[in-house]
Amino acid sequence: MIKIPKVIDLVVKNDLCIGCGVCVYQCPSNALEMKWNDKGFLIPEISGVCDSDGGCLDVCPFNPIPKKEVTTEDDLADVYLNDATKHHSKIGKYLGIYAGYSNQYRLTSSSGGLATYVFIKLLEENIVDYVFSVKDSTKVGVNYEYSIASTKEELLNASKTRYFPVTLATVLPKINELKGKVAIVGVGCFIKAIRLAQHKNPSLREKIPFLIGIICGGVKSRFFTEYLSGKIDVELENIRKPEFRIKDLNSTASDYSFGCLDEDDGKEKTIKMREVGDMWGTGMFKANACDFCDDVTTELADISIGDAWIHPFNKDGRGTNVLISRTNLSEIIIQDGIKKGDVTIENISLENILMSQQGSFNHRHTALKYRVKRAKKRGFLVPPKRHSNYNITNDFKLVQRYRMKVRSFSLYIWAKNKNSLAFDAAIKRKLSILGYLTYLYQRKKRIIKRIQRK
Ligand SMILES: Cc1cc2nc3c(=O)[nH]c(=O)nc-3n(C[C@H](O)[C@H](O)[C@H](O)COP(=O)(O)OP(=O)(O)OC[C@H]3O[C@@H](n4cnc5c(N)ncnc54)[C@H](O)[C@@H]3O)c2cc1C
């Protein structure tokens with residue numbers, strides 16, 4: 001009888017796979033390979049004979065039956081983030097909280113450019129010899145992928161946010177051939193997978209001395225890129241170099257555009273994201289696993305970097321980062337950057353960092369218990385979660401239910417007919433209902449707050 005790898009049996013079959021591909025690295029019998037599924041995500045498929053050693057499951061960030069000592073991000077933080085002197089249940093262990101930007105890389109980056117700055121510093125100071133980051137792919141139909149950078153130029157090419165599925169399986173299996181140390185950038189679940197891999201393979205701890213965490217509000221299917229390109233009349237086969245965060249220096253930070261090169265006529269085409277509509281609060285094109293992630297600020301990285309979606313930083317179209325340092329090395333890099341005048345960074349309060357990701361905390365923490373309960377009731381396995389003890393009001397439950405519907409419907413509709421006009425027409429009713437339910441929920445919340453203040 002053919003054995004099924006545990007990660008496929010327990011994670012992929014429960015629609016919990018996020019595509020990090022660390023299972024491919026861990027599999028001792030090369031039985032797994034990353035492939036595109038019918039929802040536009042990368043997932044592992046069987047490509048060889050499985051010996052069921054189970055290692056694939058041990059490194060999975062959405063493993064529904066994790067080992068006791070590494071059950072949650074808190075357990076892993078206790079192992080890997082011993083420098084951190086402070087802790088907050090919503091953002092994890094930390095040393096400092098900041099907002100700012102790189103004076104040199106801000107304009108060539110998606111936000112404040114601090115991710116690129118930190119990587120370049122790591123290389124220049126010989127802390128690492130390689131960086132695994134995300135850049136253009138030469139593969140047909142694949143816009144971006146993880147690749148290995150060892151020069152400043154390569155890192156500059158890997159700047160900018162790519163809301164596109166990428167997998168560490170393109171680089172991690174090569175790590176043991178590389179002489180020297182490696183830093184890796186990733187969203188929360190990818191960083192968790194690397195920590196799990198370090199726990200399983202202790203030599204990886206020395207090999208990977210630094211992790212940059214990208215604060216993430218949800219991983220998008222490749223359908224997201226296809227849909228946005230359709231909105232600017234670019235055919236699927238002609239999409240080149242999609243840019244997800246084209247800044248408008250005369251406007252606010254959130255007023256950015258999507259754009260891509262149309263291979264057909266060689267022209268750059270763009271559209272303001274505000275004309276497309278809300279792609280984040282609705283859950284459109286998002287992976288199901290993200291609804292079962294409670295790590296809003298990439299708690300297991302040495303340094304976590306996101307967008308400063310708070311006043312006054314959000315007024316500046318050039319982009320500003322929020323930053324959470326969690327290890328001494330990340331603190332040294334920040335303080336050294338300030339001293340040398342490379343970066344403009346200021347301390348911000350805990351309240352400010354919470355406010356900068358308010359929507360994400362509300363969805364991922366406050367409403368988590370409801371989604372977990374619902375998934376279990378339907379017979380799906382779910383990983384053990386923190387933050388699953390809040391009870392939410394019936395109106396918020398309705399918002400949750402419709403968000404889940406919009407999420408899965410968006411993937412289903414686009415898979416059936418990759419035409420953005422037809423897609424808009426098909427999803428319109430569900431989006432309108434979600435919009436109305438969200439309006440009612442937020443209005444009630446505001447009224448209750450006003451009454452409580454009196
Ligand atoms: C899927 C996704 C969701 C996000 N959601 C939020 C959010 O909800 N709130 C928030 O504050 N910030 C979010 N961000 C982060 C934000 O968009 C910026 O990436 C971050 O602020 C760093 O900005 P920067 O200017 O310093 O980065 P840059 O200097 O432009 O460098 C970006 C770095 O990220 C790497 N990268 C690009 N795409 C990916 C990817 N898909 N996976 C892993 N690494 C990648 C690049 O290789 C590069 O090293 C998200 C990013 C992604 C990729």
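Just so we're clear, the structure is a prediction, and the values are computed from it rather than from any experiment. Order of appearance sets the numbers: ligands from 1, and atoms from 1 within every ligand.
- Regarding atom 53 (C) of ligand 1, its nearest protein heavy-atom neighbour is T161 CG2, 3.7 Å.
- Under a 4.0 Å criterion applied to the non-hydrogen atoms of G218, ligand 1 contributes the atoms 1 (C), 3 (C).
- A cation-pi contact links K220 to W280, judged by a cut-off of 6.0 Å to the six-membered ring centre and 45° from its axis.
- The ligand atoms of ligand 1 that sit less than 4.0 angstrom from a heavy atom of S109 are 25 (O), 28 (P), 29 (O), 30 (O).
- Taking the six-membered ring for Trp, Y105 and F119 have ring centres at least 6.0 Å apart.
- Shown in contact with G112 at under 4.0 Å from a heavy atom are these atoms of ligand 1, numbered in order with element: 25 (O).
- In terms of polar-atom proximity, A158 is counted as a contact of ligand 1, with an N or O under 3.5 Å from an N or O of the ligand.
- For E268, the side-chain contact (heavy atoms from CB on, under 4.5 Å) test picks out L261, with sequence neighbours left out.
- Between G113 and ligand 1, an N or O atom pair is found at a separation short of 3.5 Å.
- By the side-chain hydrogen bond (donor to acceptor under 3.5 Å, both in side chains) test, E73 pairs with no residue at all, sequence neighbours left out.
- Counting heavy atoms under 4.0 Å from ligand 1, residue T116 touches it through both backbone and side chain.
- When heavy-atom distances to ligand 1 are checked against a 4.0 Å cut-off, F119 comes that close only through its side chain, counted from C-beta outward.
- An N or O contact shorter than 3.5 Å links S110 to ligand 1 by distance.
- Here Y163 has side-chain heavy atoms under 4.0 Å from ligand 1, and that is the only part of it that gets that close.
- Considering both main-chain and side-chain atoms, I214 never comes within under 3.5 Å of ligand 1 through any nitrogen or oxygen pair.
- At a 3.5 angstrom cut-off on N or O pairs, V219 does not count as close to ligand 1.
- Distances between N or O atoms of W280 and those of ligand 1 include no value under 3.5 Å.
- Scanning the protein heavy atoms around atom 15 (C) of ligand 1, the nearest turns out to be I215 O, 3.3 Å.
- Of the heavy atoms in F132, none comes closer than 4.0 Å to ligand 1.
- When only interatomic distances are considered, the shortest N/O to N/O separation between V166 and ligand 1 does not fall below 3.5 Å.
- Taking only nitrogen or oxygen atoms, main chain and side chain alike, L114 reaches within less than 3.5 Å of ligand 1.
- Closest to atom 22 (C) of ligand 1, if we only count protein heavy atoms, is N321 ND2, 3.7 Å.
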